[in-house]
Amino acid sequence: MGQRLTNEDGEPVEIDVAELQEWYKKFVVECPSGTLFKHEFRRFCGVQDDEEAAKYVENMFRAFDKNGDNTIDFLEYVAALNLVLRGKLEHKLRWTFKIYDKDGNGCIDRPELLEIVESIYRLKKVCQPEEDPRFPRLTPDQVVDRIFELVDENGDGQLSLDEFIDGARKDKWVMKMLQIDVNPGGWIVDQKRKGSES
């Protein structure tokens with residue numbers, strides 16, 4: 001029996017056949033071999049030479065690569081698109097947590113969070129809030145300190161998945177800073193568009 005498309009909770013995902021065919025056409029154009037390799041994913045996202053951006057994209061790749069074989073096949077591609085385009089907030093936060101938890105130990109420590117926040121600053125030029133002089137821009141270190149102060153409920157210096165999700169739900173600022181984007185597909189689409197314009 002073949003693989004089934006499931007969401008983060010293992011529940012089957014329903015996708016319109018026409019939409020699935022459209023996704024397949026796009027996938028085959030980008031990946032004629034039927035699999036997407038890490039270097040192709042970096043090119044697809046438009047990050048070839050920027051080391052910080054490459055780290056971010058590699059973490060995204062790892063999160064999309066559900067079976068850990070260092071490629072993204074069509075089923076993984078569809079699951080990722082389904083998540084970013086119409087997944088529930090909790091599933092998106094779980095996906096984001098997986099990207100942040102670089103060593104896969106089930107917790108995010110300060111160095112992992114700092115690396116991602118620095119990457120986000122470089123990639124998205126995040127500022128808080130919109131250049132208002134009354135609110136100075138926080139450095140990545142200040143962002144990480146504040147997140148841990150607000151989210152690390154047991155004070156152990158690590159964020160568990162539950163702390164991560166609860167913290168994001170309770171505080172809008174934490175939500176903004178913890179999530180790469182509620183719709184990470186938007187970032188991918190923007191990068192793809194920028195690549196095709198150059």
Side-chain angles (χ1 to χ4, degrees), residues 8 36-66 68 70-72 76 80 83-84 89-129 136-192 194-195:
E8 291 292 308
L36 182 62
F37 294 92
K38 197 178 295 183
H39 69 278
E40 292 170 322
F41 189 71
R42 285 174 63 170
R43 186 182 70 237
F44 175 77
C45 293
V47 291
Q48 295 292 35
D49 300 324
D50 186 326
E51 188 176 321
E52 288 298 318
K55 287 180 190 175
Y56 174 90
V57 168
E58 286 178 17
N59 287 343
M60 284 178 56
F61 182 89
R62 183 177 46 81
F64 287 154
D65 179 18
K66 286 186 154 198
N70 291 318
T71 64
I72 297 174
E76 290 167 326
L83 170 69
V84 299
L89 176 60
E90 182 170 338
H91 294 161
K92 291 176 183 181
L93 287 169
R94 286 176 184 274
W95 179 83
T96 301
F97 182 88
K98 188 174 178 181
I99 291 174
Y100 280 44
D101 182 18
K102 192 172 180 179
D103 62 10
N105 70 351
C107 293
I108 300 169
D109 59 26
R110 285 178 184 272
E112 286 173 321
L113 185 57
L114 181 60
E115 183 179 322
I116 291 290
V117 170
E118 287 173 340
S119 295
I120 291 170
Y121 264 56
R122 283 191 54 138
L123 283 168
K124 297 179 82 176
K125 309 224 180 337
V126 174
C127 61
Q128 188 271 331
R137 181 178 173 164
L138 297 176
T139 67
D141 283 311
Q142 290 170 323
V143 169
V144 169
D145 288 345
R146 184 159 179 221
I147 289 172
F148 269 87
E149 180 182 309
L150 294 170
V151 177
D152 186 14
E153 293 175 5
N154 63 5
D156 67 354
Q158 296 186 342
L159 303 180
S160 68
L161 176 61
D162 290 339
E163 287 174 324
F164 184 87
I165 291 172
D166 291 345
R169 284 186 171 156
K170 288 178 187 172
D171 189 301
K172 287 182 181 184
W173 181 87
V174 170
M175 171 72 86
K176 179 181 176 188
M177 299 314 289
L178 279 181
Q179 65 189 6
I180 288 172
D181 195 327
V182 159
N183 184 2
W187 184 83
I188 293 171
V189 169
D190 288 345
Q191 294 304 312
K192 186 65 179 160
K194 287 176 188 173

| said: Rounded at 0.5 Å granularity, tell me how far CZ in R62 sits from CZ in F41. | reply: 12.0 Å
| request: Find the distance between CE (M60) and CG (D65) and round it off to the nearest 0.5 Å. | output: 13.0 Å
| CG/L159 to CG/D166 distance, rounded to the nearest 0.5 angstrom? | 11.5 Å
Taking only distance into account, with no hydrogens and no angle test, what donor-acceptor pairs under 3.5 Å do side-chain atoms of residues 104-113 form with protein atoms, sequence neighbours excluded?
from : atom 1 : to   : atom 2 : distance (Å)
N105 : OD1    : C107 : N      : 3.0
D109 : OD1    : E112 : N      : 2.9
R110 : NH1    : D145 : OD1    : 3.0
E112 : OE1    : D109 : N      : 3.0
E112 : OE2    : K102 : N      : 3.1
E112 : OE2    : D103 : N      : 3.1

| said: Return the CZ to CD distance between F164 and Q158, rounded to the nearest 0.5 Å. | reply: 14.5 Å
| query | Where is the tightest heavy-atom contact between F61 and N70, given as atom of each residue plus distance? | reply | CZ-O, 3.5 Å
| request: Work out which heavy atom in A63 is nearest to a heavy atom in K98; give both atom names and the distance. | output: O-NZ, 3.6 Å
| note | Sorted by chain and number, sequence neighbours left out, side chain to side chain contact (heavy atoms under 4.5 Å, CB included) with L161 holds for R94, F97, I165
| field | Minimal non-hydrogen separation, E163 against E153, with atom names | value | OE2-N, 3.0 Å
| R146 vs V174, side chain to side chain contact (heavy atoms under 4.5 Å, CB included): CA-CA, chis, key distance, verdict | CA-CA 9 Å; R146 184 159 179 221; V174 170; over 6 Å; no
| If every non-hydrogen atom of V151 is compared with every non-hydrogen atom of G167, which pair is closest and at what distance? | CG2-CA, 3.9 Å
| message | Looking at every non-hydrogen atom in both residues, tell me the closest pair between V143 and W173 and how far apart they are. | response | O-CH2, 3.9 Å
| query | For the atom pair CG (L36) and CZ (F64), what is the distance rounded to the nearest 0.5 Å? | reply | 10.0 Å
| task | Kindly compute the distance separating CG (L150) from NZ (K170), expressed to the nearest 0.5 Å. | result | 10.5 Å
